[in-house]
Amino acid sequence: MKSQATPPRPPAGLRARAGAAILTVLTVVGLVACGPPTVDARAVWIASQRGKEGARTLTIYDAGDLAFRELLPAEPGPEADAQPLVVELDPRGQGALIRAGDGGWQHELGDSFGTLRAGFVDLVGARTLPLALPARLAPDATGFAPAGGALWWTAGCPAALQLVPLSPRVATTSAGDPAAIVPLAWPLPAGCAEVWGVVGAADAPVLFAVQGVPEDGFLRPGPKGHVLAIRYPRPAEGYDAAPALTELGAARLPDAPLARLQRARCAGPGPSCGLGVVDPDGGALSLGGADGLCRVWRWAVDEPGVACAVPGDAPAWADPSRLVAAVSPRHYVFRDGLAIRRYDHTTGEHDGRPLIGDTGELFTRVSADGRALLFVTVRGAALRVDADRLELLSAEQSPCVGGQPPVASPNARFVAWTCASDTQDVGGVTAGEIVRVSSAGMERFQGVPMWALAIDDDGDLLLHSRDDQGFSVELLLPPSAPRNLYVLSVTGELARIDALEPDPELMRGTGPGVFRWIAAQAL
């Protein structure tokens with residue numbers, strides 16, 4: 001049985017300055033005790049109560065333990081405690097990027113000159129990395145590598161890829177006054193920062209820098225543009241005392257019209273989202289063709305040039321606008337409405353299966369390693385696709401009123417969400433419903449209104465309760481702060497693990513209009 005702890009709140013007055021970061025750090029780790037079930041996940045939220053000098057408390061749920069960090073404004077002042085904070089967990093739940101935003105709807109990051117103070121709170125290494133990001137960057141132009149372990153952005157004219165290694169096994173250096181982490185830099189061959197995008201592998205420390213064309217706030221690949229494959233330091237063991245970026249290969253994109261792809265997995269909703277899809281092992285990049293002669297172009301890192309992987313005479317459903325992901329070096333997955341198809345580009349063989357439901361209720365979730373996709377509707381149908389097969393996890397259909405976007409386990413074998421219920425309790429309050437789907441079928445649990453945050457590979461689910469079934473179309477969240485934090489075990493045991501007092505305050509995500517009460521990521 002996983003264990004759970006309820007530690008005391010942090011004492012006041014203990015703090016350690018952290019240079020150019022927007023925060024200082026205080027850690028009080030909870031005592032582990034045998035008790036209710038836990039979720040193998042990390043979640044963070046900010047208490048609405050302020051301390052001295054505008055200090056805020058960042059609470060961390062870490063697979064059953066509770067820990068606390070004290071956040072202080074870089075420049076204390078009368079308005080410091082009123083600024084909203086941008087909080088974004090990295091894709092593997094290893095840490096959180098925290099930075100200040102203004103009070104506007106788009107939460108811009110201040111003026112366009114100088115540097116932006118931010119901090120990466122390393123939840124694994126129990127440290128804080130002070131960061132100095134280019135202030136002229138949009139909030140979503142800084143991205144996490146999909147495989148974790150790095151934060152990147154492009155800067156300058158001529159452009160350079162700048163990257164901060166985030167693994168505690170990698171050495172970092174600081175400079176400046178106040179001090180901030182010096183990023184690793186790789187010069188890009190042509191153009192300025194705004195025409196370069198980056199997409200990465202889900203299961204390897206590899207990024208592809210692609211020269212593109214700005215279009216409606218996004219980038220599409222540019223004909224004859226440059227593309228580079230770069231490995232960043234993320235050691236599996238040992239310690240890297242001299243980290244460096246390594247070029248694995250470089251090529252030119254085809255002299256043909258190219259198109260953006262669907263957004264299936266992005267480490268942030270930035271301009272690079274949809275630029276291309278990467279094999280999970282980082283061995284190849286695939287781009288959409290727009291001239292009808294080649295539907296999907298592919299560049300393997302060990303090849304000198306780009307080749308056509310899906311020709312123009314392929315079936316109509318293999319249109320690049322329907323390409324979702326590459327789940328292996330051989331297999332692409334396409335979605336045509338509710339029909340899901342897997343295509344072997346080396347042989348031309350393909351298979352597919354339709355889902356029942358409405359396309360407006362269909363969600364796509366990707367496994368942590370990028371080697372499986374889960375397609376699910378909030379009515380209950382769920383299909384898992386990997387290199388070996390298409391597996392129907394659930395064909396059961398049941399209405400779901402007010403369904404939230406589902407959360408999936410890292411292995412893409414469990415998925416859960418919450419719905420409103422037509423039943424009422426004795427107090428006349430509308431009840432809620434939790435839905436969990438796996439290869440065992442669909443489970444439904446009725447009770448107080450809930451909101452799902454994360455589900456782990458065992459099927460244990462982290463949730464928070466809600467005052468009612470209200471939903472804000474502006475926030476895409478319940479409009480009022482969560483009430484309590486709960487775990488629903490795979491065996492159906494529901495346990496309250498934190499009273500969430502004081503109430504969490506609303507946090508911003510890196511994308512415009514992205515909000516959350518609690519940020520969570522299964523491990």
Side-chain angles (χ1 to χ4, degrees), residues 15-26 44-46 54-58 60 69-77 79-91 94-104 106-123 125-145 148-155 161-168 170 172-185 193 198 267-270 505 507-512 514 516 519:
R15 62 190 65 184
R17 295 287 174 185
I22 62 167
L23 50 90
T24 62
V25 180
L26 167 67
V44 298
W45 62 94
I46 297 173
R56 312 182 209 197
T57 299
L58 179 74
I60 304 159
R69 305 279 181 103
E70 186 178 60
L71 310 182
L72 283 175
E75 298 176 358
E79 298 180 357
D81 65 348
Q83 286 185 317
L85 291 184
V86 176
V87 178
E88 193 74 40
L89 284 175
D90 85 338
Q94 303 300 291
L97 174 67
I98 300 181
R99 54 191 182 182
D102 67 18
Q106 300 295 328
H107 53 273
E108 297 296 335
L109 302 175
D111 62 40
S112 60
F113 301 97
T115 57
L116 167 72
R117 299 184 191 184
F120 178 75
V121 178
D122 184 350
L123 304 180
R127 58 184 183 147
T128 297
L129 300 181
L131 305 174
L133 309 178
R136 63 180 67 248
L137 286 180
D140 57 2
T142 299
F144 285 110
L151 182 74
W152 65 265
W153 62 90
T154 58
L161 172 67
Q162 299 197 5
L163 181 144
V164 174
L166 301 176
S167 170
V170 176
T172 56
T173 59
S174 301
D177 184 19
I181 298 298
V182 178
L184 305 177
V198 175
E505 73 173 39
M507 304 182 300
R508 311 292 180 104
T510 54
V514 177
R516 42 180 79 96

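Residue numbers start at 1 and run along the sequence shown.
Residues Ile60 and Arg69 meet the side-chain proximity criterion, which asks for heavy atoms closer than 4.5 Å. In this structure, Ile46 and Leu71 have side chains that are in contact, with non-hydrogen atoms separated by less than 4.5 Å. Side chains of Leu133 and Arg99 form a contact here, defined as non-hydrogen atoms less than 4.5 Å apart. The closest side-chain heavy-atom distance from Leu184 to Val164 is not below 4.5 Å. In this structure, the side chains of Thr128 and Asp122 stay at 4.5 Å or more apart for every pair of heavy atoms. Counting heavy atoms from C-beta outward, Leu129 and Val121 have side chains that stay 4.5 Å or more apart. Looking at heavy atoms from C-beta onward, Trp152 lies out of side-chain contact with Thr142 at the 4.5 angstrom threshold.
Looking at Asp90, Val86, Val87, Leu131 one by one, the single match for side-chain contact (heavy atoms from CB on, under 4.5 Å) with Leu97 turns out to be Leu131.
Judged purely by atom type and a 3.5 angstrom limit, Arg516 has no side-chain atom pairing as donor or acceptor with the backbone of Trp45.
Contacts of Gln162 classified as side chain to side chain donor-acceptor pair (under 3.5 Å), with partners at least two apart in sequence or in another chain: Trp153.
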CA sep, side-chain torsions, deciding dist, call: Leu85, Leu58, side chain to side chain contact (heavy atoms under 4.5 Å, CB included): CA-CA 11 Å; Leu85 291 184; Leu58 179 74; over 6 Å; no
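A salt bridge links Glu505 with Arg56: the distance from a Lys NZ or Arg NE/NH1/NH2 to an Asp or Glu carboxylate oxygen falls below 4.0 Å.
In plain terms, the two heavy atoms of Ser174 and Ile181 that are nearest each other are OG-CD1, 3.7 Å.
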